[in-house]
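Here's the structure, in structure tokens; my notes come after.
No hydrogens, no waters, no symmetry mates; every other heavy atom, side chains included, goes into these values.
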Amino acid sequence: MLTPTEAARLIVDHCAPLAAEPRPLKDALDLVLAADVWSPIDLPAWDNSAMDGCAVRAADVAGATRDRPVTLPVIEAVPAGRFPERSVEPRTTTRIFTGAPLPAGADSVIRQEDTELLPDGRVAVLNDRDAQHNIRRRGEDIHTGDLVIPAGTTLGPAQLGVLASIAHGTPLVHRPPRVAFVGSGDEIVDLDRSDEILAGRKIATSNSYTLSAMIRRAGAVPVDLGIAADSKESLRAHISRGEDADLLVTTAGVSVGEHDLVRDVLAELGYEMKLWRVRMRPGAPLGFGTRAGRPWLGLPGNPVSTMVTFELFVRPAIRRLLGHQLLFRRAVTVCVDEGVTLGPPLRHFLRAIVKADGPAGTLTARLTGPQGSGILTSMARANALLIVPEDRPAIPAGTVLQALVLDDPHHVALPPF
């Protein structure tokens with residue numbers, strides 16, 4: 001049995017970023033850039049106005065006040081989208097609008113609020129505070145040849161905007177993986193058989209819904225292969241329908257019971273087993289293997305075990321396939337505010353609520369309640385997984401431990417558990 005850290009490293013070491021492909025910007029949100037992007041232009045491409053107002057020479061408006069305005073003839077008006085046709089000569093001005101190119105000769109833009117248009121068509125400058133101001137210089141954001149966004153960057157809204165600004169409309173990104181998942185068990189049915197579920201004769205496939213959502217949240221495309229019966233034939237048929245997926249995830253059937261057939265079926269299909277159990281709770285019966293480079297992860301069937309092992313092992317594998325360099329949620333230091341007694345000497349991942357306590361912002365952790373692996377509400381109430389080392393059978397209140405905060409946007413390269 002490997003430790004959770006050893007298992008996580010083994011799994012991601014057998015995963016690799018998927019092939020890169022060009023994607024339109026509108027379809028590239030949250031994908032990972034596969035190649036450096038260099039700018040072919042300066043940005044801004046020319047000196048331009050940061051204000052609506054008047055382009056002037058600073059020397060011409062020095063000392064202007066409301067009591068002693070400086071009046072200048074207007075030689076031209078330049079809106080955004082047009083280029084000036086005349087230079088600003090001494091003692092003249094050009095009316096200009098935000099984003100419009102700055103005319104030659106001008107070194108300042110006086111904001112419109114500090115000017116007054118006179119009846120004879122001249123402009124009175126009422127304040128000189130904008131002398132040498134309100135100009136965006138060519139290339140002040142990006143220069144031609146600059147590395148704009150390096151490979152490995154996740155493309156968020158700002159990155160997409162930068163790429164659009166340099167007309168890079170189809171960045172090369174790692175495509176999102178297709179993650180096929182299948183549950184198994186004669187007792188498990190989907191919601192189209194809700195009458196049997198409500199009558200207590202069958203169990204709803206909650207894992208199908210949590211897995212689909214977690215796969216999507218991780219940035220991948222879920223492919224639901226349905227629920228297989230407890231037979232090799234049914235398992236083989238369901239798994240075979242996901243042959244074109246980039247990652248296969250199964251739930252249940254990975255323990256050592258009479259009906260735990262997943263391992264045998266996968267071996268018959270050509271999968272090489274790399275891992276079968278992990279020293280942790282919940283989620284000890286975890287399977288991992290590969291076939292022709294395609295990874296498979298076998299998760300336990302209990303709902304909480306499914307979600308915890310997904311968080312620790314499947315999610316980092318998906319991030320690796322997506323091309324991310326930081327794969328794992330970071331651990332934060334918390335103070336446990338209640339005593340906890342544990343069972344076997346395994347590393348425990350307890351469902352907890354972590355919150356900042358007091359003005360100093362110290363993080364405290366409290367369990368969500370009963371921690372059985374079938375109590376799915378313990379995950380619904382949790383915002384973190386409290387990590388308890390295997391040599392700590394009892395945790396007094398006030399103990400300082402580490403916790404993985406769920407939905408934390410920050411990630412680290414190595415498993416912190």
Side-chain angles (χ1 to χ4, degrees), residues 7 11 177-194 196-198 200-231 234-242 245-257 259-263 265-266 276-278 280-289 295-318 349 351 368 370-382 385 406-407:
I11 290 165
R178 299 178 73 252
V179 179
F181 62 96
V182 57
S184 62
D186 292 340
E187 76 281 17
I188 307 298
V189 297
D190 209 338
L191 300 187
D192 58 347
R193 297 171 65 177
S194 59
E196 295 173 80
I197 297 169
L198 296 175
R201 295 193 299 271
K202 294 291 183 180
I203 298 173
T205 176
S206 61
N207 284 344
S208 296
Y209 294 89
T210 55
L211 275 176
S212 180
M214 294 179 83
I215 290 167
R216 199 178 300 276
R217 275 273 177 93
V221 179
V223 180
D224 189 349
L225 302 180
I227 306 164
D230 283 326
S231 72
S234 181
L235 275 167
R236 189 180 298 109
H238 281 75
I239 291 171
S240 296
R241 291 204 293 264
D246 302 296
L247 170 63
L248 173 65
V249 176
T250 61
T251 60
V254 291
S255 191
V256 292
H259 298 290
D260 293 316
L261 305 172
V262 170
R263 184 176 187 174
V265 170
L266 290 172
W276 197 246
R277 290 184 68 80
V278 181
M280 62 178 283
R281 177 172 285 188
L286 177 81
F288 172 66
W296 157 75
L297 273 154
L299 310 185
N302 284 323
V304 172
S305 302
T306 296
M307 295 191 72
V308 170
T309 51
F310 184 99
E311 182 67 35
L312 300 183
F313 306 111
V314 183
R315 187 174 182 276
I318 290 174
F349 295 87
R351 281 68 69 203
T368 57
Q371 295 288 297
S373 59
I375 302 176
L376 188 53
T377 53
S378 70
M379 282 296 295
R381 299 186 183 107
L385 298 177
L406 305 176
D407 293 332

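- With a 6.0 Å radius and a threshold of 12 heavy atoms from other residues, nucleotides or ligands, R241 has its CZ atom above the threshold.
- The shortest heavy-atom contact between V223 and R178 is CG2-NH2, 3.5 Å.
- The number of heavy-atom neighbours closer than 6.0 Å to CZ of R281, taken from other residues, nucleotides and ligands shown, is 12 or below.
- Looking at K202, its side chain does come within 3.5 Å of a backbone N or O of D186 through a donor-acceptor pair.
- Closest of all the heavy-atom pairs between F288 and W296 is CD1-O, 3.0 Å.
- Summarising the geometry of P300 relative to S305, their closest heavy-atom pair is CB-CB, 3.7 Å, with the distance given to 0.1 Å.
- Two residues are said to be in side-chain contact when any heavy atoms from C-beta on lie closer than 4.5 Å; V221 and D246 fail this criterion.
- With a 4.5 Å cut-off on side-chain heavy atoms, L235 and S184 count as touching.
- When all heavy atoms are compared, the tightest approach of I227 to H238 is O-NE2, 3.1 Å.
- A distance of 7.5 Å separates CD1 in I188 from CG in N207, rounded to the nearest 0.5 Å.
- Using a 4.5 Å cut-off on side-chain heavy atoms (C-beta onward), F310 and I215 make contact.
- Using a 3.5 Å distance cut-off with no hydrogens or angles, the side chains of D190 and Y209 do pair a donor with an acceptor.
- Within the 3.5 Å criterion, the main-chain N or O of V189 finds no donor-acceptor partner in the side chain of T205.
- With values rounded to the nearest 0.5 angstrom, F313 atom CZ is found 4.5 Å from M280 atom CE.
- Partner V314 forms a side chain to side chain contact (heavy atoms under 4.5 Å, CB included) with one of L286, L299, T309 and no other, that one being L299.
- Nearest heavy-atom pair across P222 and R216 is CG-NH2, 3.3 Å.
- Put simply, OG1 on T250 and CG on L261 are 11.5 Å apart, with the number rounded to the nearest 0.5 Å.
- Scanning both residues, I11 and A317, for their nearest heavy atoms gives CG2-CB, 4.1 Å.
- For N302 (side chain) and G374 (main-chain N/O), no donor-acceptor pair under 3.5 Å exists by modelled atom type.
- Separating the CZ atom in F181 from the OG atom in S212 is a distance of 4.5 Å, to the nearest 0.5 Å.
- Side-chain atoms of R351 come within 3.5 Å of backbone atoms of Q371 as a donor-acceptor pair (strictly under, hydrogens ignored).
- P282 places a side-chain heavy atom less than 4.5 Å from the side chain of V308.
- The only member of L376, L211, L385, L406 that meets side chain to side chain contact (heavy atoms under 4.5 Å, CB included) when paired with M307 is L376.
- E187 contributes atom CD, which lies 12.5 Å from atom CD of E196 (distance to the nearest 0.5 angstrom).
- Here the OG atom belonging to S373 is positioned 12.5 Å from the CE atom belonging to M379, to the nearest 0.5 angstrom.
- Looking at S378 and V304, their side chains come closer than 4.5 Å, going by heavy atoms from C-beta outward.
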